Amino acid sequence: MSLKQQIHQALQHHFGYSQFRLSQQQIIEAVLDGNDVLAIMPTGGGKSVCYQLPAVLLPGITIVVSPLIALMKDQVDGLLANGIPAAYLNSSQSQAEQQNIIVKALNGDLKLLYIAPERIPANSAAFFDFLRKINPSLFAIDEAHCISSWGHDFRPEYLKLAVLKDVFPHLPVIALTASADDLTQKDILEKLALHHPQVFVSSFNRPNIYYYIRKKKDALGQMSKYLAQHPDDSGIIYTLSRASTESLAEKLRGQGYMAACYHAGMDSGARNRVQEQFQRDEVKIIVATIAFGMGIDKSNVRFVIHYDVPKNLEGYYQETGRAGRDGLRSDAITYYSAGDIMKLKGFITIDGNPQQTSIARKKLDQMQEFCESECCRRQYLLQYFGEPAPAYCGSCDYCLSSLEEKDVTIDAQKLLSAIVRTGERYGPAYLIDLLRATGADKILPAHKELKTYGVGKSLKKEEWQWLVKQMLQNHMLARTDDQYGTLLLNDKSRSILKGEIAVKLVMKKENAEAQEEDAVYEKELMKTLRQVRQEIADAQHVPSYNILADSTLADMATFLPQKPEELLLISGFGDYKVGRYGTAFLKAIKDYCASHNLQSRMPLVKTKRERSTAPKEKKLSNTMQVTFQLFQDGNSIVEIAAQRNMSPTTIEGHLATFVENGELSITKFVEKDRLATILQVIKQSGQTIALKPIKDLLSDEYTYGEIRLALAYYKYVN
Ligand code: ADP
Ligand code: ZN
């Protein structure tokens, strides 16, 4: 068997995954080839497997240095749950416990030994002697940025690792981190003195995290609505002040949620308790200041909410990154208000350090720009971190909110006329006030006599702002470069004023909130599976997600496996777990299927396996696959909608995707003649985004459903 096949088999057998993520495979190959490696991967990217899998295949023991004590126990529990002998040594253990583990290590009974850096004594010779005796074959340095004083979390104990390569020159070292700018990266390589290191930097894109920025109006109300729709989910809510973590947690408990607060003002005992309860799912929601999260390795965090806007995009990325480590869809929601930014601006003044203050301010400005920008959030974020990204991700509020094209000629003319009548001397804020007859004391008396005064009341301030922005982008308007941003006319504006050209702009649909995808799994079954998992976890005294991740439960509740062989095809089930827990889960699934008259959907599983990082594949999400299968089985749109408790429009949308990629023939939905007519009208309308303009050009007998599907076909053939 080739090395490739061998590591692939080990991934399936020991960890229950059928595919590698990001650069896991290359990293593992490099390590097994005996190379020193620096692996930079985003949080949740799957760094652990990069050393755990080699540890299983290599003879002897792998030493893992990790600074996060809470995380260590978790990792070891996870390994044990997969049948891999592992242990840890840290200051939380008694002398006897530590001795016991040392004996195990000396006897060669362990594959992995986790060690906290503070366990390495100042006189490290004796320690390295011990290491030599237990015959290590690999060193893994987790959170490797802690060795660098350039990083954001410097830990002097890490510097003791600098002699590692002197003592064990022939053993490979793998250093892992989620955050390393160039400087830190170089520093890690130097301090650890890695030999010809291979460096792997993975994309920072987290495709399973959906980004939403919401205007903060009544944040508690907005949030309650979200939580009510996700009652079983676990999540983190970040606020900026200790007081508000407490009051918010209190309010949520009042609403019946298992919520707790966490902030730096609590004593460490209380903090650890909360953290542990969260890990064990005894607390579902943590309301925290940014102090929370560094040691959190909970894979099933389904949402991260920023109740207050964070201070910079680095923090935002890191905090939102705590969601969805299991690769399952998760939401990152930020409630944003310009007022909050103003408040923060006051906070971040760093006394006596104008330079740092100015950097912090700049970062805050960028945060604001991110929240206010009218473009794909993911693109903005990735570009901020220096990674190229497409303009459309399909999974952020901007990309999801439906846009529609509108004729706004009249409004544009009102704006232009206000500019002309005030002598091209004002910026958008004044002009919008003038049009809406607001901010009366600011408006010059003479301007109140103008015909345009107050003619723009029908649009909201934000709508005028959007219009201005769009007109500028489309060169229908000009602007001075100075700080005033005075609006000026150009040739195109003059043609608009004369009515020679119409202004059609893509406008945000009113109240268009991004649609959230319906959960595809059987919700009731999911609940039962959670219970089964909880029982197993309780019996073994480990957090439930160490038994199986939420994503694995969701896969079971989607694909309904009936036999152990089928269970093996579910991501997260290796041989060991199937043997140990398979029966209990299969029974629950079979009972559910029998009482609901459902069949296994395992033939669909292939797509799930290919659930990879490419956003394109989102198009064929599981929920769509289920619809597709039901349609192929001969059910009508209405029947599928009824069965799945979804609207026919949603089902049509699913099927349209398959028409668009050519997997379903349009003839199943629209008659030939009617199709020809609709296609012609699509061309005539000159756009393929909005359905309404097309519908308006057709007689009433054509339905939106037909138009939607015909449009999909149009995209397929064009
Ligand atoms: P990191 O340390 O990079 O933050 P972890 O190693 O904790 O990430 O992995 C995050 C989650 O992804 C864990 O639940 C892990 O079991 C899971 N995971 C890792 N590799 C894979 C893979 N190849 N396929 C599916 N899930 C994986
Ligand atoms: Zn997007």
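Indexing begins at 1, ligand by ligand and atom by atom, following the structure's order. The residues of the chain are indexed from 1 along the displayed sequence. Because the structure is predicted, anything quoted here is derived from the model rather than measured.
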N/O of [X] under 3.5 Å from N/O of ligand 1, yes or no?
{"X": "L11", "result": "no"}
{"X": "R325", "result": "yes"}
{"X": "S299", "result": "no"}
{"X": "Q19", "result": "yes"}
{"X": "S48", "result": "yes"}

Q | Side chain H14, main chain Q9, donor-acceptor under 3.5 Å | A | no
Q) Is the backbone of G324 close enough, under 3.5 Å, to the side chain of N208 for a donor and an acceptor to pair up by distance? A) yes
**Q.** K284/D232 salt bridge by N-O under 4.0 Å criterion
**A.** no
Q: Mind running salt bridge (charged side-chain N to carboxylate O under 4.0 Å, His left out) on D281 and K298 for me, showing each step along the way?
A: CA-CA 9 Å; D281 269 338; K298 190 170 161 63; 2.6 Å; yes
Q.
I need the SG(C396)-the Zn ion (ligand 2)-SG(C376) angle, rounded to 10 degrees.
A. 120°
Q | Residue selection (non-hydrogen contact nearest atom 19 (C) of ligand 1) among R322, Q24, Q25, Q12 | A | Q24
(Q) If the cut-off is 2.8 Å, does any N/O/S atom of C375 fall short of it from the Zn ion (ligand 2)? (A) no
Q. Are R329 and Y210 in a cation-pi setup, meaning NZ or CZ lies under 6.0 angstrom from the ring centre and within 45 degrees of the ring axis?
A. yes
Q) Can the positive tip of K191 be found less than 6.0 Å from the middle of the six-membered ring of Y158, inside 45° of the ring normal? A) no
Q) Atoms of ligand 1 less than 4.0 Å from V49 heavy atoms? A) 19 (C), 20 (N)
Q) Under 4.0 angstrom from ligand 1, any heavy atom of M41? A) no
Q: Determine the sole option in I141, V31, D142 for which the side-chain contact (heavy atoms from CB on, under 4.5 Å) test with Y51 is passed.
A: D142
